[in-house]
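Taking it in order: structure first as structure tokens, then the write-up.
Below, chains carry the letters A, B, ... as their sequence lines are ordered, and counting in each starts from 1.
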2 protein chains.
Amino acid sequence: MAATIRDVAQASGVHVSTVSRTFSAPHLVSPATRNRVLAAAESLGYRPNRAARALTTGRTHNIGLIVADISNPFFPPLIKAAQAHARLRDYHVFVADTDEDPLVEEELIQTLAKQVDGVLLCSPRLNNRTIERLAADVPFVVVNRRVRGMSSVLMDVGHGARLAIAHLAALGHRKIALVAGPKASWTGGEMRKAATATAAETGVELVTIGPNAPTEQGGLAAVRDVLAAGVTGVLAYNDLVAIGLIEGLEEHGVAVPGQVSVIGVDDVVPGRFNRPRLTTVAMPTSAAGRAAVDLLLSSVSADEPATPALMTLETSLVIRDSTAPPP
Amino acid sequence: MAATIRDVAQASGVHVSTVSRTFSAPHLVSPATRNRVLAAAESLGYRPNRAARALTTGRTHNIGLIVADISNPFFPPLIKAAQAHARLRDYHVFVADTDEDPLVEEELIQTLAKQVDGVLLCSPRLNNRTIERLAADVPFVVVNRRVRGMSSVLMDVGHGARLAIAHLAALGHRKIALVAGPKASWTGGEMRKAATATAAETGVELVTIGPNAPTEQGGLAAVRDVLAAGVTGVLAYNDLVAIGLIEGLEEHGVAVPGQVSVIGVDDVVPGRFNRPRLTTVAMPTSAAGRAAVDLLLSSVSADEPATPALMTLETSLVIRDSTAPPP
DNA sequence: CTGAAAGCGCTAACAA
DNA sequence: TTGTTAGCGCTTTCAG
């Protein structure tokens with residue numbers, strides 16, 4: 001069995017509370033005993049049991065990270081960065097996938113609540129009311145979403161969408177489709193607003209197609225409507241949708257970017273390997289993961305009910321080969 | 001504050017142990033009181049604290065999942081499947097990324113040990129002796145590695161490598177390079193053995209290049225040696241290396257598959273979008289994730305020190321566009 | 001600076 | 001069927 005604090009106490013001839021102190025408040029212990037305790041701990045391979053510690057301190061040193069779909073290439077860089085950043089601060093990370101299902105998301109948050117000091121909600125599918133209710137149980141930081149009274153990390157996809165539409169307009173496109181994603185997506189809403197405004201300013205006609213699943217399948221499924229709409233340019237909900245769209249378009253004998261230009265969002269790895277290489281709005285996912293952890297941990301370690309912070313990260317347009325002037 | 005078992009006991013007029021029973025052994029409680037307790041729990045929003053429960057039962061209902069690099073596209077499907085499978089069994093999953101660093105890996109395992117019932121080690125970089133030592137603290141299941149006395153889930157990459165070499169031989173290639181990955185990789189060793197044997201059988205000459213990083217960079221870095229070796233076919237350590245290789249080859253004006261054929265391993269998403277679309281050895285990563293969770297949980301729930309199980313999953317060769325007859 | 005004692009939320013014998 | 005009691009591993013007053 002693994003060594004407990006009692007074993008160490010016995011081995012070093014002190015009381016358990018002294019052992020406890022040498023780990024959680026070393027300055028309250030004389031150097032001599034401290035070294036004795038440390039030596040005993042070392043030789044027994046003792047490590048404080050974090051869960052037991054959490055029971056008295058109320059700090060688990062764990063955080064939860066909830067994403068819609070781990071295998072959506074948008075998330076892994078965020079997960080990786082968040083996890084690495086958390087580790088530096090001595091935090092472990094529960095990662096959970098909701099399969100894009102709000103019910104699963106809610107259940108997950110509730111069962112996780114007691115085991116974590118806070119949770120990172122990435123692009124949640126839950127409605128605001130539910131999120132606010134759950135916030136009574138555990139602190140949240142939401143990513144790519146705004147919820148009243150809650151800290152959030154936002155990637156300014158609106159800015160990216162403006163750049164995207166302006167890019168298409170500058171190339172000479174006059175009729176553009178916005179191929180939307182899931183209905184409840186904050187990102188989708190921002191894109192819509194920004195695209196609509198920029199379309200109006202640049203005098204291009206904008207049609208919206210969707211909602212669609214945020215996947216290659218979703219893109220494939222939207223092909224018919226895109227064709228029917230008679231547009232020469234498309235801004236897709238994300239890169240996966242864009243890739244599916246391109247695939248479907250080419251199956252219908254429509255060349256990209258020859259006849260239709262396509263822009264994605266996310267700048268996900270597969271988009272870089274796609275042919276044509278995808279023009280896309282790059283999202284700062286790693287930075288967002290780190291920022292979210294920082295926000296969460298600072299709100300957790302604050303004594304007062306920290307004022308919610310808002311952090312907006314910039315996006316940019318990466319022009320590659322999937323956009324060109326209209327035929 | 002969140003409700004505790006005591007609040008529920010008070011609200012329903014029973015002792016805490018009765019509340020405890022209605023959650024962990026409902027059949028020991030009369031339907032009448034059970035309903036009363038459940039109702040009280042419901043209205044208070046009570047959820048048992050899993051960490052506190054773990055303290056007495058010794059079961060945390062958490063598992064650890066340690067991978068070398070979350071953003072390597074090989075891992076997300078495995079993580080997703082493992083996590084989903086664990087959730088069905090009411091388990092939460094800590095995910096940790098070691099950044100391919102054995103020291104980080106070891107430290108992670110030790111700090112995680114007390115908070116989990118077991119850990120899934122995916123393609124660990126640790127040496128066997130260290131793994132065996134750590135196994136005293138916490139049960140392991142290793143993926144794509146064999147360690148004495150430990151359950152493992154293996155993907156039969158040797159079989160895939162044989163198919164790959166045979167495929168190249170059948171196309172007429174007479175001199176082939178194996179572009180290796182990290183030195184300590186079990187997968188790499190299996191590939192090497194199988195490739196060597198099959199090369200001998202089919203009378204092709206095999207040269208080994210590496211070790212290389214298991215990334216696009218690694219592939220790019222190996223280009224010079226591949227060119228110098230004068231081969232017409234390559235089996236790369238994984239798809240990422242293959243993609244880097246192809247990129248580098250084409251920068252040097254060498255056409256793939258026109259002048260050199262390249263085969264990857266993993267069947268990762270970017271390989272499907274690469275041009276030429278990558279011929280590759282497909283790994284059953286999702287199935288492996290599920291199998292690993294099953295193995296871990298069955299060994300955890302067994303009372304005796306379960307006999308280590310070995311589970312081997314099949315791989316297959318997916319022929320796409322990066323292989324062709326030699327010039 | 002160190003020890004004693006209480007208690008975090010829960011479960012598990014043991015009695016009743 | 002239910003209550004009582006002890007205790008999981010640790011921290012945290014409070015004394016000394």
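In this model, the phosphate group of C/dC8 is not approached by any side-chain N or O of A/Thr56 to a distance below 4.0 Å at OP1 or OP2.
Residue B/His27 contributes atom NE2, which lies 14 Å from atom C1' of D/dT2 at whole-angstrom precision. The CZ-C1' distance, from A/Arg6 to D/dT11, rounds to 12 Å in whole Å. Whole-Å rounding puts the A/Arg53 CZ to D/dC10 P distance at 8 Å. Between the C1' atom of D/dG3 and the NE2 atom of B/His15 lies a distance of 6 Å, rounded to the nearest Å. In this structure, B/Gln115 places its CD atom 13 Å from C1' of D/dG9, rounding to the nearest Å. One interatomic measurement links the two molecules: CD1 of B/Ile5 to P of D/dG3, which rounds to 12 Å at whole-angstrom precision. The CZ-C1' distance, from A/Arg50 to D/dC10, rounds to 14 Å in whole Å. Protein atom CZ of B/Arg47 is 17 Å distant from nucleotide atom C1' of C/dC10, rounded to whole Å.
Residue contacts shown for B/Val19 are absent, as no nucleic acid heavy atom lies under 4.0 Å away. Within the 4.0 angstrom heavy-atom criterion, only backbone atoms of the sugar-phosphate kind lie near B/Ser30; the bases stay farther away. At the heavy-atom level, A/Thr57 lies under 4.0 Å from the strands shown only through sugar-phosphate atoms. In this structure, A/Thr4 reaches the sugar-phosphate backbone alone: every heavy-atom distance under 4.0 Å involves primed, P, OP1 or OP2 atoms, never a base. Among the heavy atoms of the strands lying under 4.0 Å from B/Thr18 are primed sugar atoms or P, OP1, OP2 only; no base atom is included. Among the atoms of the strands shown, only primed sugar atoms or phosphate atoms (P, OP1, OP2) are found under 4.0 Å from some heavy atom of A/Tyr46.
Positionally, the nearest nucleotide of DNA chain D for B/Val14 lies more toward the 5' end than for the other of B/Val14 and A/Asn49.
In this model, a side-chain donor or acceptor of A/Arg21 finds a partner on the base of C/dG3 within 3.5 Å.
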Apply side chain to side chain donor-acceptor pair (under 3.5 Å) to A/Thr98 and A/Asp101, showing your working. CA-CA 5 Å; A/Thr98 66; A/Asp101 181 342; over 6 Å; no
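Under 3.5 Å, the side chains of A/Asp117 and A/His61 contain no donor-acceptor pair of N or O atoms. A donor and an acceptor atom, one from each side chain of A/Thr33 and A/Ser30, are located under 3.5 Å apart.
Comparing D/dT4, C/dG3, D/dT2 by their nearest atom to the side chain of B/Thr33 picks out D/dT2. Closest to the side chain of B/Ala52, from the set C/dC10, D/dG3, D/dG9, is C/dC10.
Taking the charged nitrogens against the carboxylate oxygens, B/Arg145 and B/Glu190 have no contact shorter than 4.0 Å, which rules out a salt bridge. The residues A/Arg47 and B/Asp137 are annotated as not salt-bridged, no charged nitrogen and carboxylate oxygen being separated by less than 4.0 angstrom.
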